[in-house]
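Remarks on the structure that follows.
Numbers restart at 1 for each chain; the letters A, B, ... are given by sequence-line order, proteins then strands.
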Amino acid sequence: MREFLLKDFHLHKRTIIVLGTLYPFYIGFVSSRINSPRLFALMSAFMYAIVVLILYTREDKFKAAGLALSLPATRRRIILGRYATGWLLMIGSWILGTAISLLWPGPGLKADDLVGIGAVLLILSYMTAVVAVFQPLTVQFGLAGVLVFLVGTQILGVLAMMFRASVRTIKTLLGSVGRGVDAAQASFGPAGAVAAVLIVLVLVNYLSFELSVLLFKRKEF
Amino acid sequence: MTNGVPAVKVKGLGKSYRDFSLRDVTFSLPRGTIMGLIGPNGAGKTTIIKLLLNLLRRDEGEVRIFGLDARGHEVEVKRRVGFVHDTPFFCDHLSLRTLKAQVAPFYPDWDETAFRGLLDAFELPAGKRFGKLSRGMKMKFSLALALSHNADLLVLDEPTSGLDPVFRRDLLGRLSAFLQDPAKSVLFSTHITTDLERIADYVTFVRDGRVVFSAPKDETLERWAVVKGGGELLAEEHAGLWRGLRKREFVVQALTDDVPSVRRAFPSGVVVERASLEDIMFYLTRGNGHA
């Protein structure tokens, strides 16, 4: 796996340094302005996931998949490398962002809202939700597909917001992740909740990974 | 154990697209030899090479490299293969040093000393960005990477196209030096047939997605001939002798792979000249011939 991490680091070095620094500072700043832990978790998870998406959508431009496929590696391993690099980056940015948030406290969020078990599980859940959808999309469609998806969902979102029932559905969907984490804590206690949520997250990541492998195996270069 | 196993064995390979199909491609590259994959542009040479490297998914057939299924043993096979693509998959904004750092960890047998030696020999500045290199220098860099991990097989896709004769000779010299080790082999696609006449041991000719012939080069050059004569070559009873015909105002030229029959058919004299690979490619492609 080391070779994949190095390959991606060399390819995206500048972007990682720029985005991996700017985003955590931005999140740190935002955390001093927000007073809803759930909104903060959702927004920061999405922002950190975006760093990863930016990297992988750049691969089209750099013909990086063609190079990876010419090297001694199976397609499954190439995708595994993508997921590993992605999670490393997200976790790294998150740790940096959280440290900045703790050092730069605002009136809205307490330390427990940032590093408490509930907050950690929630942010991991949202990250998983974003990654599980976007990784297979970037594998299949690259940058163009993701842009079409983002613009398409925004248009759908605007249309949905024109109807009260749709807004409720979206809120219910987003809230269900948080309620799932809360329910796990209530049912299994703190340790059990961590285990239960982590198992679900690993499973969702695994399913997303298998879908990405399936799509990547069908791709031709 | 491995002596009799060819470096590459392709059998019944097929791949279909909406407007092009590669069918029943079969050839074998013995170890210690160099094979030229020739054919006009769009014949399917790059498709064959991409299928060997699993950049494309084959619809049918079998690809064995060092006796191993190229798909089932992908990592093991690719560790022993050095590749040079027609359009290299390297990022233009990265320096040669960084590109090497991306590629080298994938090869347990990476030879840093050999790589540095090749950069020096090819006069490639390690700190220069790949995108700033000329086509020839890009090709040299790809070759330096391919030669730095003790590969047993080099797969080169059009490495000499668009390059000046000095570099082409230099490259051919490198390939000949690589083949000094009898365990090494080279598969080399090109439409510049003069390069192959210098160094190839085997020639595989591809046209319209099909292998027209795959044979030792010397045997090929002995077997094929260009026949020059008058209108008598066009007689219907001789049509079966020709694999390609070219009519000019006063002269008819034809390609044959059956010289003894030609000599019997025209005892009083037509000119029979040894065909070059370029003649063979020309007549089989444009000479209204039927292979």
Side-chain angles (χ1 to χ4, degrees), chain A residues 1-20 54-82 84-86 88-89 138-140 142-143 211-221, chain B residues 15-17 46-47 49-59 65 68 70-110 130-131 142 145-146 149-151 155-157:
Chain A
M1 195 48 58
R2 178 182 152 270
E3 63 269 27
F4 287 98
L5 299 179
L6 280 173
K7 179 179 75 65
D8 287 342
F9 175 72
H10 286 302
L11 179 60
H12 303 298
K13 202 163 29 186
R14 285 186 193 166
T15 313
I16 289 172
I17 292 167
V18 173
L19 291 183
I54 289 171
L55 296 190
Y56 286 114
T57 50
R58 290 169 86 233
E59 286 202 339
D60 277 359
K61 185 178 161 192
F62 299 140
K63 305 162 278 185
L67 173 64
L69 281 168
S70 301
L71 296 169
T74 60
R75 293 191 177 213
R76 169 173 283 273
R77 198 125 174 100
I78 292 168
I79 293 295
L80 186 62
R82 267 185 172 221
T85 309
L88 260 179
L89 267 175
T138 57
V139 167
Q140 181 64 18
L143 176 62
L211 177 60
S212 295
V213 171
L214 192 73
L215 295 170
F216 197 53
K217 280 186 175 173
R218 297 172 62 83
K219 289 211 80 168
E220 301 198 316
F221 295 87
Chain B
K15 173 78 188 168
S16 292
Y17 294 103
T46 297
T47 305
I49 283 179
K50 286 187 170 182
L51 285 165
L52 295 187
L53 291 171
N54 286 329
L55 292 175
L56 297 175
R57 296 160 64 227
R58 58 188 189 244
D59 295 337
I65 298 180
L68 302 169
R71 212 155 43 185
H73 297 83
E74 190 166 11
V75 175
E76 195 179 343
V77 163
K78 284 186 177 172
R79 276 185 182 158
R80 298 172 65 186
V81 178
F83 58 86
V84 175
H85 293 291
D86 178 20
T87 311
F89 293 119
F90 298 121
C91 305
D92 286 344
H93 73 285
L94 298 181
S95 69
L96 305 190
R97 189 182 294 115
T98 307
L99 287 171
K100 188 274 298 180
Q102 270 196 311
V103 169
F106 284 86
Y107 295 98
D109 289 339
W110 181 261
F130 187 73
S142 299
L145 287 179
H149 57 87
N150 287 311
V155 177
L156 313 158
D157 187 11

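Using a 4.5 Å cut-off between heavy atoms, B:Leu53 touches chain A through its backbone atoms (N, CA, C, O) alone. With a 4.5 angstrom heavy-atom cutoff, B:Phe83 touches chain A only via side-chain atoms.
Using a distance-only test at 3.5 Å, with no hydrogens or angles considered, a donor-acceptor pair links the side chain of B:Arg57 to the main chain of A:Lys217.
Here the closest non-hydrogen pair linking B:Gln102 and A:Leu67 is OE1-CD2, 3.8 Å. Between B:Lys78 and A:Ser70 the shortest heavy-atom distance is CD-O, 3.9 Å.
When side chains are defined from C-beta on, A:Leu69 does not count as touching B:Asn54, because their heavy atoms never get closer than 4.5 Å.
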Before you tell me yes or no, could you show the steps for B:Glu74 and A:Arg77 under salt bridge (Lys or Arg N to Asp or Glu O under 4.0 Å), namely the whole-Å CA-CA distance, both residues' side-chain angles and the distance that decides it to 0.1 Å? CA-CA 11 Å; B:Glu74 190 166 11; A:Arg77 198 125 174 100; over 6 Å; no
